[in-house]
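Only this structure's heavy atoms are used, side chains among them; waters, hydrogens and symmetry mates stay out.
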Amino acid sequence: MKRKEIFRFICEQLSAFKLRVLIIFISILFITGIGVVTPLFGQKLFDEGILRGDFQRILYYTAMIAGLFFTEQILSFLQFTQYEWINRSIPYRLLEKAFRHSLDLKMSYYQDNSFYKVINNTFADINHISQVTNADLIQTLMGVFKIAGGMIGLAVINWKMMFMTVCIIPVSLLISHLFSAQKRKHFQKLMGAGEAFSMWFSETLSGVEFVKLWNLKKQKYREFEKYQQAVVRQNSKMEYLDHANRMIDACVSFVLNYGLILTGALFIMKGSLTVGGLYAFLSYSSLIIQPAQMIAEIAGRLSGSMPSFERYLEYFRNETEDLETKDKCKVSEIMPLERITFEKVDFGYTEKKQILKQVSFTVHRGEKAAFVGLNGSGKSTILSLLLRLFEPQHGRILFGDTDISCIELEEYRGLFGVMTQHAYLMNDSIRNNIDIYGEMADEQIGQAAEVVTLNEYLSSLPEGLSTNVGYNGSKVSGGERQKIALARTLGKTCRILVMDEASSNFDLKAEEAFREYIRDSKRYDFVFVVTHRLEMVQDMDRIFIMEEGEIVESGSYQELTDRGIDIRELLLREEKAAWES
């Protein structure tokens, strides 16, 4: 990534704070002016006051210097209030942008990247980026003006000593450049070690039950030490490099300061410089050397942070869902929807392995369709494509005669009520997990809960619907967790119902009540089901039997039975395979 891309990115971040940056810029101009004038008053304080014993002049110049000092402090505070706001706002804006992008990313991204890794990388990168894009940038700007002001003052007093002072700037920049190249290399290794640890940590915590049951704690402790030692080693190298850089800068400053004192002493002895002039010169030299070293340090920090810039910006190059609304059709334009068609659809999560192969079928309005087959046959993949979590590699999915990719995505997904195999619950109350939009009356919640026989469970809870379910439903049983998620699905007003093993953890009573509801319900224009329950399959209008990504048979239960296809045996094999896996 080129440095000008980084610079353009930084400018984009600051462009949202034009007025504040202008106030800071004006404050810097005035502070620089004060920095130029103050040493001149200091020179007169020594030459016309202290050395001549003129107490009135001493008081006058002291008062002038004090006035300039307090004016500088007021301007510095004004400046601080502005860049504190910028300093606070930029990380928020960067995180907000990353969060929005995270929600818009295609699901394929999350197949290769854990959520913990994404969170860890995002926070780490934003921390490094925000340090460079706010206060550091302002300090650099101040440093440039201070150097300019200091050089003017030095030139007025003694141009020969000015040349000696200015020569130190390229030396500081060269030292910083040499160190920053090493720091960038070690920072890249640190990022890699941190990312590896994040992946391992996420995997370990998500499988903590497995770790406990198989007594793997000691093994995981050893793995923890291995990953963390790699992080600690790189951090240690970074700290040593920083300290070495500071030591060399201190040595350079020491040599320069005392070199200037010795040179100034020679000029004083020759009568070409006064004591006050030497004081002013040393004051001006500090206006150059300290900012120059600071700029060199910031440049090194920027160079070291470039891997964070690169990774952060690279994150936004990952493909997102098609959220464009221009030239997309509205849902109202395709209604009433008479049929849903898969037309020669191919799909694979990787290029090497195809999941679906030339899948074609049509489901008409009012029909309920079931997909059955062994694990890996492509049943759930069909539902994921229908929900536009993934896109076909070849072929089309049509709503009537309209390709679903031509419909506005948010409106499109609003058509569906979805119950996935791994039901997700928020760390919130049962009520808020069922009524996620906050629009349902208690009567509607109760009706949805009744369909899945959840009311009896709710009546046994002291807090009823207000009971908190814990992180992803950890405080409720697997069956109740699934019932809450299904009540949420059934409570939504929608046109198409999609269920993937929606009742796999239900007891017989709940299963029967739910089956009767689906069989008798006229609420939905289309129902798509993946299930291994024979009774549910028998109630479906269309059954699609899948093998290795292809639909090998289709028809009603009676039609398939008449053709000699034993659905019961197929479902038993499917259930057995599921248990064995």
Side-chain angles (χ1 to χ4, degrees), residues 96-97 99-110 316 318-343 345 347 356 359 361-369 371 380-393 395-421 423-424 426 432-441 444-445 448 485-500 502 518 521-530:
E96 180 189 36
K97 183 179 179 182
F99 176 68
R100 288 179 180 274
H101 187 72
S102 300
L103 296 182
D104 292 340
L105 283 170
K106 288 189 172 182
M107 287 301 298
S108 55
Y109 175 83
Y110 293 109
F316 289 92
N318 290 297
E319 197 173 0
T320 58
E321 294 181 318
D322 182 11
L323 302 174
E324 181 62 50
T325 58
K326 186 179 180 181
D327 299 327
K328 298 285 186 180
C329 71
K330 300 279 188 181
V331 165
S332 58
E333 296 174 21
I334 61 171
M335 293 298 175
L337 182 60
E338 297 298 333
R339 63 187 182 280
I340 297 176
T341 302
F342 274 56
E343 190 178 89
V345 171
F347 178 78
L356 299 181
V359 170
F361 65 85
T362 297
V363 176
H364 292 88
R365 184 180 181 187
E367 289 187 328
K368 300 178 178 70
F371 297 88
S380 295
T381 301
I382 284 180
L383 300 187
S384 293
L385 291 174
L386 180 63
L387 295 167
R388 290 174 67 179
L389 296 176
F390 300 93
E391 298 172 358
Q393 292 167 336
R396 300 187 300 168
I397 304 173
L398 304 173
F399 271 27
D401 297 320
T402 303
D403 192 311
I404 61 173
S405 63
C406 297
I407 306 172
E408 289 185 8
L409 184 58
E410 188 170 340
E411 279 200 358
Y412 177 85
R413 289 202 177 130
L415 292 171
F416 292 87
V418 183
M419 175 68 180
T420 59
Q421 190 171 359
Y424 171 77
M426 300 177 291
N432 290 340
N433 269 284
I434 296 175
D435 180 20
I436 57 174
Y437 299 124
E439 298 174 349
M440 297 172 64
Q444 291 174 291
I445 296 174
L486 187 53
R488 172 173 63 204
T489 300
L490 300 180
K492 180 182 179 181
T493 302
C494 59
R495 309 293 290 273
I496 305 169
L497 183 63
V498 174
M499 297 179 293
D500 189 352
I518 295 299
S521 176
K522 304 297 182 183
R523 282 182 59 190
Y524 306 103
D525 292 342
F526 300 87
V527 174
F528 293 89
V529 174
V530 169

Taking side-chain hydrogen bond (donor to acceptor under 3.5 Å, both in side chains) as the definition, give me every residue that meets it alongside [X], ordered by chain and number, with sequence neighbours left out.
X: Asp104; answer: none
X: Asp327; answer: none
X: Thr489; answer: none
X: Thr420; answer: none

Are there more than 12 heavy atoms of other residues, nucleotides or ligands under 6.0 Å from atom CD of Gln393?
-> yes
Please check if atom CD in Glu333 has more than 12 non-hydrogen atoms from other residues, nucleotides or ligands closer than 6.0 Å.
-> yes
To the nearest 0.5 Å, tell me how far [X] [atom1] sits from [Y] [atom2].
X: Asn318; Y: Tyr109; atom1: CG; atom2: OH; answer: 5.0 Å
X: Arg396; Y: Ser405; atom1: CZ; atom2: OG; answer: 9.0 Å
X: Glu367; Y: Thr362; atom1: CD; atom2: OG1; answer: 9.5 Å
X: Leu415; Y: Phe526; atom1: CG; atom2: CZ; answer: 10.0 Å

N/O donor-acceptor pair under 3.5 Å between Glu411 side chain and Glu408 backbone | no
Are the side chain of Tyr524 and the backbone N or O of Lys368 linked by a donor-acceptor pair below 3.5 Å?
-> no
Under 3.5 Å donor-acceptor pairs involving side-chain atoms of residues 491-499, not counting sequence neighbours:
from	atom 1	to	atom 2	distance (Å)
Lys492	NZ	Phe416	O	2.6
Arg495	NE	Asp525	OD2	2.9
Arg495	NH2	Asp525	OD2	3.0

Who passes side chain to side chain contact (heavy atoms under 4.5 Å, CB included) against Lys97, sequence neighbours left out?
-> Tyr312, Phe316
Flag side-chain contact, heavy atom, 4.5 Å: Leu389 against Arg413 = yes
Flag the pair Leu356 / Ile382 as yes when at least one side-chain heavy-atom distance between them is below 4.5 Å, and no otherwise.
-> yes
Looking at Ile407 and Arg388, what are the two nearest heavy atoms and their distance?
-> O-NH1, 2.8 Å
